[in-house]
Peer 1: 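What follows is a structure written as structure tokens; I'll ask about it next.
We count ligands from 1, going down the list as the structure has it; atoms in each ligand are counted the same way. We're numbering straight along the sequence, starting at 1.
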Amino acid sequence: MLSNGFENKVALITGASRGIGLEIARELLRQKAKVVICARKQEGLDNAAADLQGGKNLLAVPAHVAKEEDVDSLFKQIKENYGKLDILINNAGMNIMTSSMADVEFSLWQKILDSNLNGTFLCASRAARMMKEQQEGKIVNISSLAARKASPGMGVYGVAKAGIEMLTRVLAAELAADNIQVNAVAPCMVKTDFSKPFWSDPSIHDNIVNNIPAGCLADPSDVVKAVLFLVSNDSDFITGETLVVDGGSSAI
Ligand SMILES: NC(=O)c1ccc[n+]([C@@H]2O[C@H](COP(=O)([O-])OP(=O)(O)OC[C@H]3O[C@@H](n4cnc5c(N)ncnc54)[C@H](OP(=O)(O)O)[C@@H]3O)[C@@H](O)[C@H]2O)c1
């Protein structure tokens, strides 16, 4: 890993009971950060805490990122336990495959926007308030290639992720003078439970991989390395950027 210097940094990773978030938490703990993870389901958090074995350096808090009371309670617990927040990684997200936009129920639109875009806004705004007091901080928002390309069944998710990329630029411009950098990471398909319905079907898998010059799907570790660069001091002059992690698929 390129990045270092995370000892005693306090990092919140949303949606970290499994998948990419869990692997980011593992790497930050390995690099001696104090790590806070959240997810909606207590059982998933318990399993993640047992897996990570973070001891006093790990705080696992059940929270739905689009519920304001949950987010306020989460940030209160961070303040009480650690007194500061250096790093926020807005990773929580979900998708439900949808019909064409014309037929999408408003309740489904809201549900997908909640976990992806609204949750990112709520956590980023709370983090920004703490980081402005500290006059430093790093925020990374997890986007997706779906923000840039209209794909069948992924329309609402793509709109949410495109919103995250603009939110990233707005926050970056507003917070740069407070020494807070805000960036995004946009991966192609990553091998996690989230995308299992696609990659576990050999014909769909092969079809996707045929459009990735690197010849394989991303591994969670590919995303972890990009995120760690953007939350490290190695990227202090980079803000408002979206780093695409896609094995070259956007290049063709
Ligand atoms: N995997 C891919 O192919 C891929 C590609 C591009 C981008 N991404 C993005 O990468 C991020 C992580 O994806 P992943 O593949 O690691 O997904 P995952 O394996 O399904 O994990 C998602 C995590 O987010 C939590 N979560 C979902 N909604 C939440 C909410 N409203 N509040 C709090 N926690 C919530 C889940 O726990 P609970 O269910 O208990 O809440 C879980 O811990 C997402 O933002 C996703 O959009 C993934």
Peer 1: How far is atom 19 (O) of ligand 1 from the closest protein heavy atom, and which atom is that?
Peer 2: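 I find the closest protein heavy atom is Arg18 NE, 3.5 Å.
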Peer 1: Do any heavy atoms of Cys188 fall under 4.0 Å from ligand 1?
Peer 2: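 It does, in that a heavy atom of Cys188 comes within the 4.0 Å cut-off of ligand 1.
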Peer 1: Does either side chain, that of Gln77 or that of Ser73, offer a donor lying less than 3.5 Å from an acceptor on the other one?
Peer 2: yes
Peer 1: Any carboxylate oxygen within less than 4.0 angstrom of a Lys/Arg side-chain nitrogen, looking at Lys76 and Glu80?
Peer 2: yes
Peer 1: Of the non-hydrogen atoms in Ala48 and Ile37, which two are nearest, and what is the gap between them?
Peer 2: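 In this case the closest contact between Ala48 and Ile37 is CB-CD1, 4.0 Å.
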Peer 1: Applying a heavy-atom cut-off of 4.0 Å, say which part of Ala63 lies close to ligand 1: side chain, backbone, both or neither.
Peer 2: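 It is the backbone that touches ligand 1; the side chain stays farther off.
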Peer 1: Return a yes/no value for Ala66: is any of its N or O atoms, backbone included, closer than 3.5 angstrom to an N or O of ligand 1?
Peer 2: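 Between Ala66 and ligand 1 (N or O atoms, distance only) the closest approach is not under 3.5 Å.
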Peer 1: Can you find a non-hydrogen atom of Ile142 under 4.0 Å from ligand 1?
Peer 2: yes
Peer 1: Who gets closest to atom 31 (N) of ligand 1 by heavy atom: Ala147, Ser115, Ala160, Ser143?
Peer 2: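 Shortest heavy-atom distance from atom 31 (N) of ligand 1: Ser115.
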Peer 1: If we only count N/O pairs under 3.5 Å, is Val65 in contact with ligand 1?
Peer 2: yes
Peer 1: Without swapping roles, check the side chain of Ser235 against the backbone of Phe229 for a donor-acceptor pair under 3.5 Å.
Peer 2: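 Yes: the side chain of Ser235 pairs with the backbone of Phe229.
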Peer 1: Hey, is Thr192 touching ligand 1 through its side chain, its backbone, both or neither, going by heavy atoms under 4.0 Å?
Peer 2: side chain
Peer 1: So, 4.0 Å and heavy atoms of Lys161: is ligand 1 close enough to count as a contact?
Peer 2: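 Yes, Lys161 has a heavy atom closer than 4.0 Å to ligand 1.
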Peer 1: Which of the atoms in ligand 1, numbered in the order shown and given with their element, are less than 4.0 Å from a heavy-atom of Ser17?
Peer 2: 37 (O), 42 (C), 43 (O)
Peer 1: Starting from atom 25 (C) of ligand 1, find the nearest protein heavy-atom neighbour and note its residue, name and distance.
Peer 2: Gly15 CA, 3.4 Å
Peer 1: When you compare ligand 1 with Tyr157, is there at least one nitrogen or oxygen pair between them that comes in under 3.5 angstrom?
Peer 2: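 Checking ligand 1 against Tyr157, an N or O pair does fall under 3.5 Å apart.
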Peer 1: State, to 0.1 Å, how close Leu243 and Ala226 come at their nearest heavy-atom pair, and which atoms those are.
Peer 2: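 Shortest heavy-atom separation between Leu243 and Ala226 comes out as CD2-CB, 3.9 Å.
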Peer 1: Which heavy atom in Asn95 sits nearest to a heavy atom in Met154, and how many Å separate them?
Peer 2: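 Result for this residue pair: ND2-SD, 3.3 Å.
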Peer 1: Looking at ligand 1, is there an atom of it that comes within less than 4.0 Å of some heavy atom belonging to Ala16?
Peer 2: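 Yes, that is the case, since the closest heavy atom of the residue is under 4.0 Å from the ligand.
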Peer 1: So is Pro220 touching ligand 1 or not, going by heavy atoms under 4.0 Å?
Peer 2: no
Peer 1: Name the residue from Asp114, Leu122, Asn116, Thr120 that meets the side-chain contact (heavy atoms from CB on, under 4.5 Å) definition with Asn118.
Peer 2: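 Answer after filtering Asp114, Leu122, Asn116, Thr120: Asp114.
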Peer 1: Of the protein's non-hydrogen atoms, which lies at the shortest distance from atom 35 (C) of ligand 1, and what is that distance?
Peer 2: Ala92 CB, 3.7 Å
Peer 1: What are the atoms of ligand 1, with element, lying closer than 4.0 Å to any heavy atom of Ser144?
Peer 2: 6 (C), 7 (C)
Peer 1: Count the heavy atoms belonging to other residues, nucleotides or ligands that lie under 6.0 Å from CD of Gln135, then report whether that count exceeds 12.
Peer 2: yes
Peer 1: Around atom 17 (O) of ligand 1, find the nearest protein heavy atom and jot down its residue, atom name and distance.
Peer 2: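 Answer, as residue, atom name and distance: Phe194 CB, 3.3 Å.
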Peer 1: For atom 3 (O) of ligand 1, which protein heavy atom lies nearest, and how many Å away is it?
Peer 2: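 Of the protein heavy atoms, Val190 N, 2.8 Å lies nearest.
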Peer 1: If the test is side-chain contact (heavy atoms from CB on, under 4.5 Å), which one of Leu74, Leu88, Asn57, Leu58 qualifies with Val36?
Peer 2: Leu74
Peer 1: Before you tell me yes or no, could you show the steps for Thr168 and Asn141 under side chain to side chain donor-acceptor pair (under 3.5 Å), namely the whole-Å CA-CA distance, both residues' side-chain angles and the distance that decides it to 0.1 Å?
Peer 2: CA-CA 7 Å; Thr168 300; Asn141 302 320; 3.0 Å; yes
Peer 1: Just go through Gly93, Ala218, Cys123 and tell me whose heavy atom is the nearest to atom 22 (C) of ligand 1.
Peer 2: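 Nearest heavy atom to atom 22 (C) of ligand 1 lies in Gly93.
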Peer 1: Among protein heavy atoms, which lies nearest atom 29 (C) of ligand 1, and at what distance?
Peer 2: Arg40 NE, 3.5 Å
Peer 1: Name the closest protein heavy atom to atom 34 (N) of ligand 1, giving the residue it belongs to and the distance to 0.1 Å.
Peer 2: Ala39 CA, 3.5 Å
Peer 1: Where is the tightest heavy-atom contact between Ile180 and Thr239, given as atom of each residue plus distance?
Peer 2: O-OG1, 4.2 Å
Peer 1: For ligand 1, which atoms sit closer than 4.0 Å to a heavy atom of His64?
Peer 2: 31 (N), 32 (N)
Peer 1: Does Pro187 have a non-hydrogen atom less than 4.0 Å from ligand 1?
Peer 2: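 Contact check Pro187 vs ligand 1: positive.
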Peer 1: Do Val140 and Leu167 share a hydrophobic cluster (ILVMFWY, side-chain heavy atoms under 4.5 Å, transitive)?
Peer 2: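 Per the 4.5 Å side-chain linkage, Val140 and Leu167 are not co-clustered.
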Peer 1: Going by an N to O cut-off under 4.0 Å, is there a salt bridge joining Asp51 and Arg26?
Peer 2: yes
Peer 1: For atom 16 (O) of ligand 1, what's the nearest protein heavy atom and its distance?
Peer 2: Ile20 N, 2.8 Å
Peer 1: Quick one: which ligand 1 atoms are inside 4.0 Å of a heavy atom on Lys41?
Peer 2: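 Taking each heavy atom of Lys41 in turn, ligand 1 has 38 (P), 39 (O), 40 (O) under 4.0 Å.
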Peer 1: Taking atom CE of Met101 as the centre, does the number of heavy atoms from other residues, nucleotides or ligands within less than 6.0 Å exceed 12?
Peer 2: yes
Peer 1: Counting N and O atoms only, with roles assigned by atom type, does the side chain of Asp246 sit under 3.5 Å from a partner on the main chain of Leu145, one being a donor and the other an acceptor?
Peer 2: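 Side chain of Asp246 to backbone of Leu145, a donor-acceptor pair under 3.5 Å: no, none is there.
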Peer 1: Which atoms of ligand 1 sit under 4.0 Å from any heavy atom of Met189?
Peer 2: 3 (O)
